[in-house]
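Here is the structure we will look at, set down as structure tokens.
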Amino acid sequence: MISASYHNHIAYFSPVIFLTVWAMGLLMAEAFLPLTPRQTAWIALAGLFLTGLLTLGFDTGPWIFWNALCKWDGAAKFFSLLFIVTAMLVIWMGDEVQEPVPHGGGEFVVLPLFTTIGLMLLSMANDFMLLFVALELVTISFYILVAYQRRSPAALEAGIKYLILGGLSSAFLVMGIAYIFGLTGTTRFDAIAFQLQFYLRTGVAFGLLLVLIGIGFKIAMVPFHIWAPDVYEGAPNSITAFLSVGSKAGGLIILMRVVLGVFGGPDGATIWVPVLSVAAILSLILGNLAAIPQRNLKRLLGYSSIGHTGFILVAVIGAVTLLPGQPSPLYITDRITGQIAVSVYLVTYLLATFTAFIVLAVLNRRLPGLEIHHLAGLSQRSPLLAAAFSLSLISLAGVPPLSGFVAKLMVVLVAWNRGLYTLLFFTIFAAVAALYYYLGPIKAMYWSEPLDESPIRVNLPTTIVLSILIALLIGTGFWAQSIASLVNNSNLAQAAIHAAGSLVCKQ
């Protein structure tokens, strides 16, 4: 059994401090120096790269520090690195691939740095107060980024919808935190988990449901998904990819911290497992069936993202220590399997999603629109773009031998091993349904005559990045266990309880 230890120093917080100083300095430099958007982008990329190196240098603890507000473990390290890589791809896309922002290009580069800071804080949160502050930093940054193209009616509409629904979800989250704090007297995850070993009050359970509503919005979980298709369609391609991967991963790490680390016991699981089970089933059904009639590629990927949320929720449910109705807890390795499934799924989803949106960003500058029929004959005009987009869709569909197949297979195995047969049925149904709408764009690219036979040229940096992503899409499936090794020691449930128990004994 791994228990978290308390540290007085703040060394594990240094990546966040470094990136914050870098982002503030870059914002001031961009305001007072004649920096071009490209120079600003490369400075931002350098800061993210150095932050990643700094993060890699730390062990996986687990440590609790900064007056128990933060927890550093394998999950925090894994998700921090995931957010850094995501932000690097977003900034590179905004600078190299998609159409440049007409005004305020420097701020468009700097804002993703602050979003990344908030996401890294989310991965380390051990307190509801820090969770809320970090989540608002992420959300406010996304409000601005989604509507940044203020001359675009679609972007403004997407920004307003995201702002209104995001504010509503934050209200639910704050109300849930208030209920939990009012009945436990603390906002710290470990202290709350320690109290819940002995009793679970009705008000605390109600607070948990409100918190799940707030988190459900961030991960586009049905029935809190309504913003996703419109925002995906209206936002710039790089920001849509950032929302699809970064926002979803941020919501998932706090979901796991809350439901596994705080409410992972039998009483808590009785509350949230049925709720997330229903949400997972609805997400799998609605996300995949609603994607079938979509003709716009970004809306199709938006509904697809809702379906992928359902798959990941199945893995989260399979990671709980004791499922309702089971006579005894399963071994820790069973819970780790659920966490591994989540981490592998997010990595493969990142690779496939960014491959798809890089292609869409290139095509957005050459095609009259991003409808499926606009892809007609793309294999003749640009074999690289057609191959990259096809492989990304095939990976999202979960077809072997690409990495998406391994990710979905791990979710299926978690559901099978844990006896979640109802969820297993719907995951298989959703995987089959997804094949239909993912194959539609591929059919248009390879079996339809081109509307325009002029070649679409791709510059060298984009070619290199797409080639690397294609190689990773193929190879990641064979390295799935290595990708997830960072979270092997992040025992989200029992470590928090034992840490709290040791603190109470000391006091």
Side-chain angles (χ1 to χ4, degrees), residues 45 48-49 52-53 55-56 78-79 81-98 237-238 240-242 244-246 249 297 301 304-305 308 340-363 375 378-411 434-435 438-439 441-442 445-446 455-486:
L45 288 172
L48 288 168
F49 179 75
L53 291 180
T55 303
L56 280 171
F78 171 82
F79 277 91
L81 292 172
L82 182 75
F83 296 141
I84 290 169
V85 172
T86 301
M88 292 180 73
L89 286 170
V90 167
I91 292 174
W92 175 82
M93 276 185 66
D95 174 65
E96 185 69 38
V97 182
Q98 70 184 21
N237 287 290
S238 60
T240 303
F242 203 6
S244 183
V245 178
L297 292 167
L301 291 174
S304 164
S305 173
H308 288 291
I340 288 177
V342 173
S343 62
V344 171
Y345 204 105
L346 286 174
V347 171
T348 59
Y349 183 68
L350 180 150
L351 296 173
T353 299
F354 271 98
T355 303
F357 278 105
I358 288 172
V359 173
L360 291 181
V362 175
L363 296 179
L375 298 178
L378 182 63
S379 61
Q380 302 175 36
R381 302 181 64 187
S382 178
L384 173 63
L385 293 180
F389 197 54
S390 298
L391 288 172
S392 67
L393 295 180
I394 292 172
S395 180
L396 289 171
V399 177
L402 297 181
S403 57
F405 167 74
V406 176
K408 288 190 175 180
L409 177 63
M410 294 184 78
V411 173
L435 289 173
Y438 281 130
L439 291 178
I442 298 175
M445 289 186 289
Y446 286 93
I456 299 178
R457 292 182 173 82
V458 183
N459 60 31
L460 182 60
T462 306
T463 301
I464 293 173
V465 171
L466 282 177
S467 300
I468 293 173
L469 289 174
I470 289 172
L472 291 174
L473 278 175
I474 298 172
T476 303
F478 300 101
W479 308 326
Q481 193 67 26
S482 299
I483 292 171
S485 62
L486 277 170

Tell me, do [X] and [Y] make a side-chain contact under 4.5 Å, heavy atoms counted?
X      : Y      : value
Leu301 : Leu360 : yes
Val465 : Phe354 : no
Leu384 : Ile456 : no
Leu45  : Phe49  : no
Val347 : Leu472 : no
Leu391 : Leu469 : no
Leu297 : Pro441 : yes
Ser305 : Tyr349 : yes

Distance in Å, [X] [atom1] paired with [Y] [atom2], rounded so as to fall on 0.5 Å steps:
X      : Y      : atom1 : atom2 : value
Leu402 : Lys408 : CG    : NZ    : 12.0 Å
Leu56  : Leu81  : CG    : CG    : 5.0 Å
Ile394 : Ile474 : CD1   : CD1   : 10.0 Å
Ser379 : Ile442 : OG    : CD1   : 11.5 Å
Leu473 : Leu350 : CG    : CG    : 10.0 Å

Going by side chain to side chain donor-acceptor pair (under 3.5 Å), name the residues that satisfy it together with Thr86, two or more places apart in sequence or in a different chain.
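Listed in chain order: nothing, the list is empty.
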Could you work out, with side chain to side chain donor-acceptor pair (under 3.5 Å) as the rule, every residue matching Tyr345, not counting sequence neighbours?
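Listed in chain order: His308.
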Contacts of Phe242 that satisfy ring pair (Phe, Tyr, Trp, His ring centres under 6.0 Å) - sequence neighbours left out:
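Phe142.
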